[in-house]
Amino acid sequence: MPRTAQASLIWNRDAETMPRQDLERLQLERLRATADLVFHKVPFYRQSFDAAGIRPEDIRSLGDLARLPLTTKKDLRDNYPFGLLTVPLDAIVRLHASSGTTGKPTVGPYTARDLATWGEVMARVYASAGVTSRDIVHNAYGYGLFTGGLGFHLGAEQVGAAVVPASGGLSKRQVMLMEDFGATVLTCTPSYSLVLAETALELGVDVRSRLRLRAGIFGAEPWTEAMRQEIEAKLHLEAFDTFGLTEMIGPGVASECPRHDGLHIAEDHFLPEVIDPDSGAPVPDGEVGELVFTTITREGQPLIRYRTRDRIRLTREPCACGRTLARMSKVLGRTDDMLIIRGVNVYPFNIESVVLAVEGLEPHYLILIDRPKDQLDEIEVWVEASVELWNSGEYWIRETEKKLHKSLADALGLSPRVKVAEPHSIQRSEGKARRIIDKRELGS
Ligand code: ADP
Ligand code: ZN
């Protein structure tokens, strides 16, 4: 059994356990103020409100939210870098940006009050994982423009923990520091946590006896329940999923409580909706759709109905932890990462679950898609063998390949090529993992 986190705490009891009726009243009030702010300060929003035929004063209930225009990544790009600000630049004290893989990045501008809000929501994330002033937080999210590093840093200071600003990379030194400083909490992407586990193994540092990690707060990329089990076993800690995006504030938007049954959304700051990504129609609680957020306390760059492109389920059922805040499921994929292979919809998420259920394989995998000239699309899945499997010889490797092939074919409804690869042959990531290589996009 891995170690478990210290008893979970509720950082802001008033906000996090507020009766839903009161919460909804607060949300409506803040929504109206935000709509009013952007309508009067941001030409883009004045135009899009006008086009939708709505004015801020028309918002009388939370149901009216659906009448407001949606905002997309393209709108942010079109208004790059400062077109959506509601304040003059001298009120901005921090600028982050998310690495758009294509084109211009998305800008995250913060006023002093926005930074305070960020500290508040991040403190909730830590408290929920039982982190207090007695903890040493080893923060291996990347520091820099990416919001992960500084966001987790801010929250750790807020709860009074000692934070080690390790950032990503130099993994051997990170393991040494975790051991020497006695880190009790690890924060990084789930994929990087596995790199650290592997590095510890290489260095002969036994995570059970020489590290003191109790909790890990992992996010910024999708990961499955199967991956959680791998990480908990390999690092000997309790793993919490945490979610955020630059457009809202960075990390701190939603995070797990010790029930690990969904991520509580900081709904008093970020108003969630779930819509059908094609029609835009609302999707009832419990059904999968695209997550849409409206910031209701942001000053620098408030966003109305921002389409995250993340596919989730939402529930407003009360949680046994006492929080009344709605919970989102783990991210089930993106509306834009669905692979269509020979007409079959394939989600990388499903592939991960299958891969990790096959014995002898490690949680390092790669999905390659190709379209050979004038032929059908081909999908190939490479997964690393465990050292034991690799050393047990060709026969067992081929048997495992057959098993992997069958499980993937059953789950996906198409027949992928599979390869059980040598240990350590698949490239590791210090931040968000890149597990899909789609050669079709390269036009080859
Ligand atoms: P950050 O990496 O700080 O969370 P970005 O703006 O770079 O912010 O990326 C945001 C996106 O990252 C989200 O829209 C989502 O797709 C993904 N993401 C963040 N946290 C998680 C998580 N816990 N699970 C799955 N995906 C996540
Ligand atoms: Zn809960």
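This chain uses plain numbering: 1 for the first residue, then up along the sequence. All ligand and atom numbering here is 1-based and tracks the order in the structure.
Under 4.0 Å from ligand 1, the heavy atoms of S98 that appear belong solely to its side chain. Looking at D310 against ligand 1, only its side chain comes within 4.0 Å, counting heavy atoms. The proximity of V331 to ligand 1, defined as any non-hydrogen pair under 4.0 Å, is limited to the side chain. Only the backbone of E221 comes within contact range of ligand 1, with a heavy atom under 4.0 Å; no side-chain atom does.
Here's the thing with F218: none of its N/O atoms is less than 3.5 angstrom from an N/O atom of ligand 1.
Within the protein, the number of N/O/S atoms found under 2.8 Å from the Zn ion (ligand 2) is 4.
Applying the 6.0 Å contact sphere to CZ of R46 captures more than 12 heavy atoms from other residues, nucleotides or ligands.
Within the structure, the closest approach of K432 to ligand 1 falls below 4.0 Å when heavy atoms are considered.
For the pair R334 and F349, the cation does not sit on the ring face, since its NZ or CZ is not both under 6.0 Å from the ring centre and inside 45° of the axis.
Between F146 and Y141, the two ring planes are tilted [angle within 30° to 60°].
Salt bridge annotation for K419-E380: absent, with no cationic side-chain nitrogen under 4.0 angstrom from a carboxylate oxygen.
Residues satisfying the side chain to side chain donor-acceptor pair (under 3.5 Å) criterion with T147, sequence neighbours excluded, are absent altogether.
Against a heavy-atom cut-off of under 4.0 Å, G219 is close to the following atoms of ligand 1: 23 (N).
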